[in-house]
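So you know, we letter chains A, B, ... as the sequences are listed, proteins then strands, and number each from 1. The structure presented is a predicted model; accordingly, all values stated were derived computationally and were not measured.
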Number of protein chains: 2
Amino acid sequence: MSAESAFPPIDHDHGRCVDLLMSAVERLRAEQTLRLTPQRRRVLEMVAASHVALGAYDILARLGGGNGRPMAPISVYRALDFLLQHGLVHRVESLNAFIACTRPGARHDALLMICSVCRRVAELQSPAIEAAIAASAAAGHFLVTHPVVEIAGICRVCRAADR
Amino acid sequence: MSAESAFPPIDHDHGRCVDLLMSAVERLRAEQTLRLTPQRRRVLEMVAASHVALGAYDILARLGGGNGRPMAPISVYRALDFLLQHGLVHRVESLNAFIACTRPGARHDALLMICSVCRRVAELQSPAIEAAIAASAAAGHFLVTHPVVEIAGICRVCRAADR
DNA sequence: GAGCAATTGTTATATTGTATCATTTCTATC
DNA sequence: GATAGAAATGATACAATATAACAATTGCTC
Ligand SMILES: [Zn+2]
Ligand SMILES: [Zn+2]
Ligand SMILES: [Zn+2]
Ligand SMILES: [Zn+2]
């Protein structure tokens, strides 16, 4: 996702976002043995349906209104753990929440921008940031296993709306 | 703090770390009107006494053994909020915990390295990382208010010990 | 010392995340 | 197809983290 399209207009064709994600997942499922059970799929779709990061209990509440009896919290967390393991969602540490990955299949650490106005979260790609982190770590003989970058601020859409 | 001294030996003279911090605080207190009450000071000293990030309830438990009756959770959080406001501690988002700032007085966003073996947290200085984040944000017309960088990995001390 | 703002106390509650063990579902093999 | 093991889910309880609301106290200014 380019820097320019990271925060799309609020009223964009979001079905397309979800479709892109789910088709990427289908590809993964065909290649690997990805056991995307109905539960896990429902959680993934729920997360993918929002550009705002969802907490586990948000997901729980939204799933409860469905067909079967509501899931227990632990079940949501288990589904989220699975999705995290397989790189389909990212955890947003500073929000205790989760966001769908925009590049599933390409294993990567997430660089996130978080808009404090519209609450949306966008994934960023930046070899420069990754390189700078790698260089600093190397200088301190620190072995990086999982870099977390979550940039809080105001997105271009909200800045434009604020005029 | 240079990259090399970020993770000091486990058995270093830690009193010196605390003293450095507290003297910096004293300077701040003289210059500004920093109301470092006994409560706040106790919390700050507690955080400064550890290179491992402490959760609010860790602090609570350690303070409880003191003189007066134990503080309520809210009181610890209020003290921590104050210390955060004044740049004396940083919140470690990925741990829901807190670490003393190694450069109080110089307002800055924290770049943290977190060792998953010894659990210690070190503050990093890196204009390169800051610049790369600023550049990416600018490219996406994103206005940065609070960048969070928390690099999980293994520190040089633990790597050396692992041989 | 009266008035006001900042801090702290007290109690209750909200939010986020796990432990444990039973049950069900899936898969491979015979 | 029966069957045994592995993976996933259900069910219940609980732990850990964080905040709301309002009362009481402290510290400062006039
Ligand atoms: Zn979308
Ligand atoms: Zn926004
Ligand atoms: Zn020290
Ligand atoms: Zn270490």
Distance-only check: which donor-acceptor pairs under 3.5 Å involve side-chain atoms of residues 45-53 of chain A, not counting sequence neighbours?
from    : atom 1 : to      : atom 2 : distance (Å)
A:Ser50 : OG     : A:Val52 : N      : 2.9
A:Ser50 : OG     : A:Val52 : O      : 2.6
A:His51 : NE2    : A:His12 : NE2    : 3.0
A:His51 : NE2    : A:His14 : ND1    : 3.0

Sorted by chain and number, sequence neighbours left out, side-chain hydrogen bond (donor to acceptor under 3.5 Å, both in side chains) with B:Ser126 holds for A:Ser136
Residue pairs passing the ring-ring contact (aromatic ring centres under 6.0 Å, His included) test with at least one member in residues 95-120 of chain A, sequence neighbours excluded, are A:His90-A:His108
Bounded by its outermost nucleotides with an atom under 4.0 Å from a heavy atom of chain A, the footprint on DNA chain C reads C:dT16 to C:dC26
Per-nt protein contacts along nucleotides 25-30 of chain D (heavy atom under 4.0 Å; B base, S backbone sugar-phosphate only, - none) come out as --S---
Residues passing the side-chain hydrogen bond (donor to acceptor under 3.5 Å, both in side chains) test with B:Ser94, sequence neighbours excluded, are B:Glu150
For B:Asp109, the side-chain hydrogen bond (donor to acceptor under 3.5 Å, both in side chains) test, sequence neighbours excluded, returns B:His146
Check your understanding: Would you say D:dA8 has OP1 or OP2 under 4.0 Å from some side-chain N or O of A:Ser75?
Key -> no
Whole-Å distance, A:Leu63 CG to D:dT9 P, equals 13 Å
By side chain to side chain contact (heavy atoms under 4.5 Å, CB included), A:Glu130 pairs with (sequence neighbours left out) A:Leu111
Besides A:Val121, the hydrophobic cluster formed by Ile, Leu, Val, Met, Phe, Trp and Tyr side chains linked at under 4.5 Å, directly or via other members, contains A:Val92, A:Leu95, A:Ile99, A:Leu112, A:Ile114
Sorted by chain and number, sequence neighbours left out, ring-ring contact (aromatic ring centres under 6.0 Å, His included) with B:Phe82 holds for B:His86
Restricting both atoms to N or O, compile the protein contacts to nucleotides 17-21 of chain D shorter than 3.5 Å, with distance only.
from   : atom 1 : to      : atom 2 : distance (Å)
D:dA18 : OP1    : B:Arg91 : NH1    : 3.1
D:dA18 : OP1    : B:Arg91 : NH2    : 2.6
D:dA18 : OP2    : B:Tyr77 : OH     : 2.8
D:dA18 : O5'    : B:Tyr77 : OH     : 3.3
D:dA18 : N7     : B:Tyr57 : OH     : 2.7
D:dA18 : N6     : B:Tyr57 : OH     : 3.4

The salt bridge (charged side-chain N to carboxylate O under 4.0 Å, His left out) partners of A:Arg91 (sequence neighbours excluded) come to A:Glu93
CG of A:Leu143 to SG of B:Cys115, rounded to nearest 0.5 Å, is 9.5 Å
